[in-house]
A.B. asks: 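Mind looking over this structure? Questions follow.
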Amino acid sequence: MDIIDGKAYSAKLRAALKEKVEKSAIKPGLAVVLVGCDPASQIYVRNKIKACEEVGVRSYSYVLPETATQEEVENLLDKLAADEQVNGILLQLPLPKGLDAESAMARIPVEKDVDGFSAENIGLLCLHKEDLVACTPLGVMKLLENEGVDLCGKNAVVLGRSDTVGKPMAMLLLNANATVTVCHSKTKNLKDICKNADILVAAIGRPKFVTADMVKEGAIVIDIGINRDENGKICGDVDFENVKDKVSKITPVPGGVGPMTITMLMYNACKAAFKE
Ligand code: GUN
């Protein structure tokens, strides 16, 4: 059984990006917008800014108060949209209650949509003409590629159908010629479907939801969840301790997919800046 080391691969990719940025005449700029003071979002944003420093991406950080209006958020995004120094814009989600995320995100121009969340970037992904792709699913694909996993004709099961993770994940796997099943809270016979997976990707946000009896012997298990267990310890959507002995490869939490998400944000920021 291999434990997929996302932290190590992430470091390697960041070093390569750093070198590329150093050699380039263009200095990529990423604006990160946080509205309110959700503690988890604050940590994510801090880590994103840290990654920018590591790679040599110029970061522009904006924090608006919890009480910010829709107009204030959208005015800031409009300003960043027009700013030539800013190649990528990230609006940290979720927004505080009362704000319309969809309307706000629509102010981010497609070419600066480093989250890959816009209707156009999702449409391009569905058409197998990927441009800027959502960071977490993209990070999973890079990990699988680095592990030498051949997806062609394999049964891939994605647990979760969120617009930001589950759906783009399923589409990327489909584009790589896997046979993809997407499961969600209304799915029947979930265990049987999971047991048939050569590659099982969990993105449901429920601690240790995937148990050993749901996993096929020798499967590859990718855990996208970041939760806290009953003792307040960080854990994934997979019951790692019990599942690990059954699988051929598995990502740990933390240290698996998580570091790749932020690395892919750097990758997308560079891609947007260099217009690759
Ligand atoms: N909140 C949690 N994950 C993400 C992400 O990948 N992008 C944005 N914008 N907000 C998030």
Side-chain angles (χ1 to χ4, degrees), residues 6 10 29-52 57 59-64 66 68 73-74 76-77 80-81 86-97 99-122 125 130-143 158 160-169 171-172 201-206 222-228 234 236-237 253-254 256-272:
S10 224
L30 174 68
V32 180
V33 179
L34 173 64
V35 187
C37 45
D38 173 61
S41 291
Q42 284 174 333
I43 295 171
Y44 289 139
V45 164
R46 206 180 311 139
N47 287 337
K48 287 169 187 178
I49 290 166
K50 226 168 75 189
C52 285
V57 169
S59 67
Y60 304 89
S61 173
Y62 296 84
V63 182
L64 296 181
E66 190 93 24
V73 175
E74 292 184 7
L76 172 60
L77 294 172
L80 296 170
V86 173
N87 307 108
I89 304 172
L90 182 134
L91 175 63
Q92 186 66 27
L93 301 177
L95 294 180
K97 269 204 183 73
L99 292 176
D100 179 350
E102 200 180 319
S103 161
M105 286 195 300
R107 300 300 182 110
I108 301 172
V110 190
E111 66 277 10
K112 297 191 182 188
D113 170 33
V114 284
D115 260 326
F117 290 170
S118 67
E120 179 153 350
N121 277 320
I122 291 169
L125 171 61
E130 295 90 339
D131 188 9
L132 293 165
V133 175
C135 302
T136 300
L138 183 60
V140 171
M141 295 307 282
K142 296 271 181 198
L143 276 182
V158 179
R161 56 171 160 180
S162 68
D163 293 338
T164 53
V165 180
K167 283 184 199 168
M169 186 74 253
M171 205 49 71
L172 283 166
V201 183
I204 39 174
R206 289 172 65 176
I222 304 291
D223 192 348
I224 295 182
I226 303 177
N227 315 292
R228 286 192 188 270
I234 298 278
D237 289 351
V253 176
V257 176
M260 290 298 290
T261 295
I262 300 187
T263 302
M264 290 304 104
L265 176 65
M266 298 303 110
Y267 174 87
N268 278 348
C270 293
K271 187 175 163 105

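All heavy atoms count here, side chains included; hydrogens, waters and symmetry mates do not. Every number for a ligand or one of its atoms is a count from 1 in the order of the listing. Values in this document were obtained by computation on a predicted structure and should not be read as measured data.
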A.B. asks: Considering non-hydrogen atoms only, spot the tightest contact between Gly166 and Val158 and give its length.
C.D. replies: O-CG1, 3.8 Å
A.B. asks: May I ask you to check whether Leu93 has an N/O atom sitting below 3.5 Å from an N/O atom of ligand 1?
C.D. replies: yes
A.B. asks: Determine whether the side chain, the backbone, both or neither of Thr164 has a heavy atom under 4.0 Å from any heavy atom of ligand 1.
C.D. replies: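 Thr164 to ligand 1: no contact under 4.0 Å from either part.
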A.B. asks: Measure across Ala134 and Pro168 and return the closest heavy-atom pair with its distance rounded to 0.1 Å.
C.D. replies: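 Closest heavy-atom pair between Ala134 and Pro168: CB-CG, 4.1 Å.
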A.B. asks: At what distance, to the nearest 0.5 angstrom, does CD1 of Ile204 lie from CG of Asn227?
C.D. replies: 8.5 Å
A.B. asks: Would you sort out whether Thr164 and Thr136 count as a side chain to side chain contact (heavy atoms under 4.5 Å, CB included), showing the intermediate values?
C.D. replies: CA-CA 8 Å; Thr164 53; Thr136 300; over 6 Å; no
A.B. asks: Looking at every non-hydrogen atom in both residues, tell me the closest pair between Leu172 and Leu138 and how far apart they are.
C.D. replies: CD1-N, 3.9 Å
A.B. asks: List ligand 1 atoms under 4.0 Å from Leu91, heavy atoms only on the residue side.
C.D. replies: 8 (C), 9 (N)
A.B. asks: Considering only the protein, which heavy-atom contact is closest to atom 6 (O) of ligand 1, and what is its distance?
C.D. replies: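 For atom 6 (O) of ligand 1, the nearest protein heavy atom is Asp115 OD1, 3.7 Å.
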A.B. asks: Say whether, by atom type as modelled, one donor and one acceptor occur between the side chain of Lys271 and the main chain of Leu132 under 3.5 angstrom.
C.D. replies: no
A.B. asks: If you measure every N or O of Tyr44 against every N or O of ligand 1, does any of those distances drop under 3.5 Å?
C.D. replies: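 There is no such contact.
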A.B. asks: Starting from atom 11 (C) of ligand 1, locate the nearest protein heavy atom and write down its residue, its atom name and how far away it is, to 0.1 Å.
C.D. replies: Gln92 NE2, 3.4 Å
A.B. asks: Is it the case that ligand 1 has an N or O less than 3.5 angstrom from some N or O of Thr136?
C.D. replies: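 No.
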